[in-house]
Asker: 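Take this structure first; my questions come after.
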2 protein chains.
Amino acid sequence: MTTIRGARARARIEVTAAIKDEARRQLAAEGAAKLSLRAVARELGMVSSALYRYFPSRDELLTALIVDAYDAVGATAESAIAPPAAPAPTARWLALCRAVRAWALAHPHEYALIYGSPVPGYTAPRDTVAPAARVGAALISIARDAHRSGGLALPSLAEEIRPEAHRLTATLAPDLPPAAVVALVAAWSQLFGLISFEVFGQFNRLVEDRDAFFDEAVARLAHETGLGAHPAGALPGSRAGSRSGG
Amino acid sequence: MTTIRGARARARIEVTAAIKDEARRQLAAEGAAKLSLRAVARELGMVSSALYRYFPSRDELLTALIVDAYDAVGATAESAIAPPAAPAPTARWLALCRAVRAWALAHPHEYALIYGSPVPGYTAPRDTVAPAARVGAALISIARDAHRSGGLALPSLAEEIRPEAHRLTATLAPDLPPAAVVALVAAWSQLFGLISFEVFGQFNRLVEDRDAFFDEAVARLAHETGLGAHPAGALPGSRAGSRSGG
DNA sequence: GTCTATAACGAGATAGAC
DNA sequence: GTCTATCTCGTTATAGAC
């Protein structure tokens, strides 16, 4: 009967979630390298072999955590720029960056899992590729909007980067100018450089007002990406007065 | 006698170096979280208790590795911009960035140790602060030279960042304009964002010509920092009048 | 079919007695 | 320094409950 199947399915979903929750707890406490199926099982009152009904190996459990983390930060980024968010590209850019940063600060261990050092002995399977691309795709959609409304201002590219620029454009956004795609990929990695330095402690005892510093740096990044002008002070901040890019 | 003392000191240095070498090997194989004094000792044919004569704890061994790594990348950065390197700020900036990236790609595990996820359960002691600052100090010295020769072109700062900007300036480089210091700290973190994405695999199956991409991104960063004009022409909307060029 | 429990493997870490 | 007894781990085989 469907009720029985439904009950079983529900139980399975609940146990799977409990396993991942406990695994995340261990991630925070001991790090991904020491994630242990046995410890997870013990903490849940199960026997280790029972876990194999849910995750065929330790690596698959890790993969599930990684996919969940990418999906969480990706969903955060997407909802930060979804309507009815502010329509101006610079405002959406800032909203996305702030949302990703907030997620990272709220989930530092999951952030470390996906954007920190690789886990020794673990190689990511294909399953992680699509979730990992969501933040980048959200960035691209901002650039696309800006481009459609004529708000993308970019320099021509140096000779040496042109072949790579065309590859990236074909892969990521054939409708955008290659210069924009290169700038976007660079800004993408630099955004996570800012966040990683804060989450991983490089700003300790150096940067105090990290909200303000992040906003400033990210506004500069937007400008570098051609998204909008950044002359003194006209930043779309918590107050009104945001800008249109043209 | 001094000869005996000298021989003992030499032996101590050699053993210390051997321990760190073996520890680095384990770092690469198993990750920092699983670094084990016992395993190091076994591999060296020593007994674990003997190691404690050289490093009083696992954490102190980790600290030594971290300090070594910071010193290595710091020395690399410094020698990349030391005379008789090219004098133009943009050229020195590019040289520094390339050198740091090359070091990171050649020593990915040591890079991960210092710029990747924090090691669970380990908190860095004061000893790491000074070595960790060397790359940043090298970046500052480039900006200082550019500023002295009138080659730093920067926008005025937004209201919200000014207090932080003055704190940073007082801490890092009181002789530089606050806008330059803020831009420098941002560029510093963004440079390592670029490198981390490459070293940690985020560019896999995405960026092919990574040399070209890195050079392009780092040239943009230099421009954002006020160091010089972008190779393929000025970015639109940029405040004018930078450069002497190189 | 779906799940959990028992037991075991080979490998490695660990604590303490000697 | 050495040795041993006792832990941990991932993983598998198997048996039985629902």
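Quantities reported herein were computed from a predicted structural model and do not represent experimental measurements. Note on naming: letters A, B, ... go to the chains in the order of the sequence lines (proteins, then strands), and numbering restarts at 1 for each one. Scope of the values below: all heavy atoms of this structure, side chains included, with no hydrogens, waters or symmetry mates.
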Asker: Round to the nearest Å and state the distance from A/Y54 atom OH to C/dG1 atom C1'.
Answerer: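 Nearest whole value for this atom pair: 14 Å.
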Asker: Quick one, which residues of residues 21-51 of chain B touch DNA chain C with a heavy atom under 4.0 Å?
Answerer: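 Result for residues 21-51 of chain B: B/R38, B/R42, sorted by number.
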Asker: Which class fits the ring pair A/Y111 and A/F192: parallel under 30°, tilted 30 to 60°, perpendicular over 60°?
Answerer: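 Because their plane-to-plane angle is under 30°, the rings of A/Y111 and A/F192 count as parallel.
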Asker: Can you check the A/I19 CD1 to C/dC3 P distance for me, whole Å?
Answerer: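 My rounded result for the distance is 11 Å.
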Asker: Applying side chain to side chain contact (heavy atoms under 4.5 Å, CB included) to A/L168 and B/F213, what does each step give before you reach the verdict?
Answerer: CA-CA 10 Å; A/L168 286 173; B/F213 180 81; 4.3 Å; yes
Asker: C/dT4 P sits how many Å from A/E14 CD, rounded?
Answerer: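 Rounding to the nearest Å, CD of A/E14 and P of C/dT4 are 12 Å apart.
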Asker: Does A/D211 come within less than 4.0 Å of A/R98, counting only side-chain N to carboxylate O?
Answerer: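 Salt bridge absent between A/D211 and A/R98.
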Asker: Kindly say if A/Y52 contacts the phosphate of D/dT12, meaning a side-chain N or O under 4.0 Å from OP1 or OP2.
Answerer: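 Checking D/dT12 against A/Y52, no side-chain N or O comes under 4.0 Å of OP1 or OP2.
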Asker: Taking CG from A/L61 and C1' from D/dC9, how many angstroms apart are they, rounded to a whole number?
Answerer: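 The distance from CG of A/L61 to C1' of D/dC9 comes to 15 Å, rounded to the nearest Å.
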Asker: A/R12 side chain N/O closer than 4.0 Å to the phosphate oxygens (OP1, OP2) of C/dT2?
Answerer: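 A/R12 to C/dT2 OP1/OP2: no side-chain N or O under 4.0 Å.
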Asker: Could you tell me whether A/R162 and B/D209 have a side-chain N and a carboxylate O separated by less than 4.0 Å?
Answerer: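 No, no charged N to carboxylate O under 4.0 Å.
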Asker: Using 30° and 60° as the class boundaries, would you call the ring planes of B/Y115 and A/F197 parallel, tilted or perpendicular?
Answerer: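 Taking A/F197 first and then B/Y115, their aromatic rings lie parallel (interplane angle under 30°).
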Asker: Under the 3.5 angstrom rule, does the side chain of A/R220 hit a backbone N or O of B/A186 as a donor-acceptor pair?
Answerer: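 No; judged by distance alone, with no hydrogens or angles, the pair does not exist.
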